[in-house]
Protein chains: 2
Amino acid sequence: MQVLSYTEENYIKGLFQLTIEAGDKTEAGTNEIASHLGIKPASVNDMLKKLKDKKLIQYEKYGKSSLTKEGKKLAVDIVRKHRLWETFLFEKLAFSWDEVHEVAEQLEHIQSKKLIDKLDQFLNYPSADPHGDPIPNAKGELVIEARKSLVTEEVGHTCKMVGVKDNSAAFLQYADSLGLAINQRIKIKSRQAYDDLMEIEVKGVRNRISPKFAEHIIVVCNDCNKQH
Amino acid sequence: MQVLSYTEENYIKGLFQLTIEAGDKTEAGTNEIASHLGIKPASVNDMLKKLKDKKLIQYEKYGKSSLTKEGKKLAVDIVRKHRLWETFLFEKLAFSWDEVHEVAEQLEHIQSKKLIDKLDQFLNYPSADPHGDPIPNAKGELVIEARKSLVTEEVGHTCKMVGVKDNSAAFLQYADSLGLAINQRIKIKSRQAYDDLMEIEVKGVRNRISPKFAEHIIVVCNDCNKQH
DNA sequence: TATAAATGTTAGACTAACCTAACAAATTTT
DNA sequence: AAAATTTGTTAGGTTAGTCTAACATTTATA
């Protein structure tokens, strides 16, 4: 498995986020990648050619890009490192939920297989990071549970929060203020037909939230799986 | 306090090692820095000018270089990070003594004051890394105990190993095979006048070691401080 | 002290990763 | 389907950090 530069790693990871992780599509355009990474399309274009030469992505002139098997393997490895470090920061160093991402962005580039496997062991092989995102195992396998957005949840159901789609500090702090955290149970009390505001109950406290906000809360729901 | 590039940090750290830490001199030449960092003198020359402009080093054409107060502060900070990470790897992740350095070389460049202060706390504010080298505190203060090389120790004295001067795997593994470790007591049994080989006793086991080897073992000795 | 050796500097070139400006292709809108 | 817009590419330039080769200065040695 080839070793990538810091920059190459960021491109591969970005492409992973835009394709495999986003769910709704399997390839990404040059401009899209550019705005995701905060780099100009012209620069991205250069890198796409380079990554194609290295057989890490599929790319044709004027076409969209996607990861090859090899590229995906490398990307999953970076994601694994990122999420293990986030878990470490949150659980062992008492970082708050909204602080872990920025530091993990740096730590994910440390090259040492032994380090990351030992870290995994030290953290007792966690299956999800503080945001609820799944952590790939050492073999690169990523177990994705059946998850949905809170906004699609039915009234009367109780679900469990497992993640978020928005990592901005503003969003995370807002969530925090509502008592929302990973593994927190949420009961849907009602939904207002006029403006779609949802009323939820968290730790006995009721709050009304916008669909825009609910959209970015990821949950799993046993009630939804029940046959009745 | 300015933020340095990865490369600039390595130069500042290298200069710190060659001057402040080496003990026997306070400035270093261009070729010396070059061979220490594994970079050609011509490249070092460029960087010295750059670091001088940033007021991190004192340097005049054809002269030797040394750190300014500002440069030293930054260097101590890097050393602090390096040694805290080594301690983490050794104590929490069960890395062996001779494996920690390489990974810490990468980790020392992570930029996050909060991270390093939390790590310090997590490790319970250690005063020395697995090699016995002192860890500067958060204020950048570095407490250096009275230490000497094992090669200068007197026959009959018992001393305590606190560090090494050679971080090569070969050296560290050799030390390990003799039972030598941080905080290990060492008794000097004899010294052969003909070839200067020292006979030492470690955990009841006697071995003869070369002055070349003993030179790189750092000890503290109470016997030496006694008046008699 | 004159010369040789070691040390340090300069000039010019290269690579990775970025940029801007201009152009080309594809897609969407009218 | 022609025009307008969006998207993608190319050419040429910049910066950081490296290199080699040639040159300059300082230090050591005969």
Side-chain angles (χ1 to χ4, degrees), chain A residues 2-15 18-19 22 24-67 71 74-75 78 105-106 108-109 111, chain B residues 2-15 18-19 22 24-67 71 74-75 78 105-106 108-109 111:
Chain A
Q2 43 189 316
V3 174
L4 306 186
S5 73
Y6 193 102
T7 309
E8 288 168 334
E9 286 197 343
N10 278 335
Y11 275 91
I12 291 292
K13 186 185 64 161
L15 195 49
L18 291 173
T19 58
D24 54 341
K25 55 190 152 41
T26 59
E27 45 183 26
T30 306
N31 280 9
E32 193 185 354
I33 297 168
S35 73
H36 182 76
L37 297 176
I39 288 167
K40 291 279 131 66
S43 311
V44 172
N45 193 268
D46 288 349
M47 183 58 91
L48 291 179
K49 289 178 193 161
K50 192 171 147 191
L51 293 174
K52 190 196 171 182
D53 287 348
K54 291 195 173 191
K55 303 202 193 321
L56 299 178
I57 68 168
Q58 283 172 272
Y59 161 77
E60 293 305 330
K61 210 166 150 175
Y62 290 106
K64 309 269 183 187
S65 304
S66 62
L67 290 168
L74 289 162
I78 299 165
E105 287 284 302
Q106 293 180 62
E108 73 191 9
H109 298 289
Q111 302 285 336
Chain B
Q2 42 188 317
V3 174
L4 307 186
S5 72
Y6 192 102
T7 311
E8 288 168 335
E9 286 196 345
N10 278 334
Y11 275 91
I12 290 293
K13 187 185 64 160
L15 195 49
L18 290 173
T19 57
D24 54 341
K25 55 189 152 38
T26 60
E27 46 183 25
T30 306
N31 280 10
E32 193 185 353
I33 296 169
S35 73
H36 182 75
L37 297 175
I39 289 167
K40 291 280 130 66
S43 310
V44 171
N45 194 267
D46 288 348
M47 184 58 91
L48 292 178
K49 289 178 193 162
K50 192 171 149 191
L51 294 175
K52 190 198 172 179
D53 287 349
K54 292 195 173 190
K55 302 201 194 321
L56 299 178
I57 68 168
Q58 282 172 273
Y59 160 75
E60 294 305 330
K61 210 165 148 175
Y62 291 106
K64 309 269 183 187
S65 304
S66 61
L67 291 168
L74 289 162
I78 299 163
E105 286 283 302
Q106 294 179 61
E108 72 190 9
H109 298 288
Q111 301 286 338

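In what follows, every heavy atom counts, from backbone to side chain, and hydrogens, waters and symmetry copies are set aside. Letters A, B, ... are given to chains in the order of the sequence lines, protein chains preceding strands, and every chain is numbered from 1.
Within residues 3-15 of chain B, no residue has a heavy atom under 4.0 Å from DNA chain C.
A salt bridge (charged side-chain N to carboxylate O under 4.0 Å, His left out) check over residues 51-60 of chain B, counting only residues at least two apart or in different chains, returns the pairs B:E8-B:K54, B:K52-B:E60. Residues in residues 29-44 of chain A take part in these salt bridge (charged side-chain N to carboxylate O under 4.0 Å, His left out) pairs, two or more places apart or across chains: A:K25-A:E32.
In terms of heavy-atom proximity, A:T26 sits nearest to A:S66 at O-CB, 3.4 Å. Nearest heavy-atom pair across B:Y59 and B:S65 is CD1-OG, 3.4 Å. Shortest non-hydrogen contact noted between A:I57 and A:L48 is CD1-O, 3.5 Å. Taking each heavy atom of B:I78 and B:E108 in turn, the nearest pair found is CG2-CD, 3.9 Å. When all heavy atoms of A:G71 and A:I12 are compared, the closest pair comes out as O-CG2, 3.6 Å.
In this structure, CG on A:N45 lies 5.5 Å from OG1 on A:T30, to the nearest 0.5 angstrom.
In this structure, the CE atom of A:M47 is 17 Å from the C1' atom of D:dT9, given to the nearest Å. One interatomic measurement links the two molecules: CD1 of A:I39 to C1' of D:dG8, which rounds to 16 Å at whole-angstrom precision.
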Expected rows: protein N/O vs nucleotides 7-11 of chain C N/O, under 3.5 Å:
unit_1	atom_1	unit_2	atom_2	d
C:dG8	OP1	B:T30	N	3.4
C:dG8	OP2	B:T30	N	3.3
C:dG8	OP2	B:N31	N	2.6
C:dG8	O3'	B:Y62	N	3.4
C:dT9	OP1	B:Y59	OH	2.3
C:dT9	OP1	B:Y62	N	2.7
C:dT9	OP2	B:T30	OG1	3.1
C:dT9	OP2	B:N45	ND2	2.2
C:dT9	OP2	B:Y59	OH	3.3
C:dT9	O5'	B:N45	ND2	2.9
C:dT10	OP1	B:K61	NZ	3.0
C:dT10	OP2	B:K49	NZ	2.7

Where do N or O atoms of nucleotides 27-29 of chain D meet protein N or O atoms at under 3.5 Å, pair by pair?
none

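Shown here are the ring-ring contact (aromatic ring centres under 6.0 Å, His included) partners of A:Y62, two or more places apart in sequence or in another chain: there are none.
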| task | Would you check, one step at a time, whether the test side-chain contact (heavy atoms from CB on, under 4.5 Å) holds for A:N10 with A:H109? | result | CA-CA 9 Å; A:N10 278 335; A:H109 298 289; 3.1 Å; yes
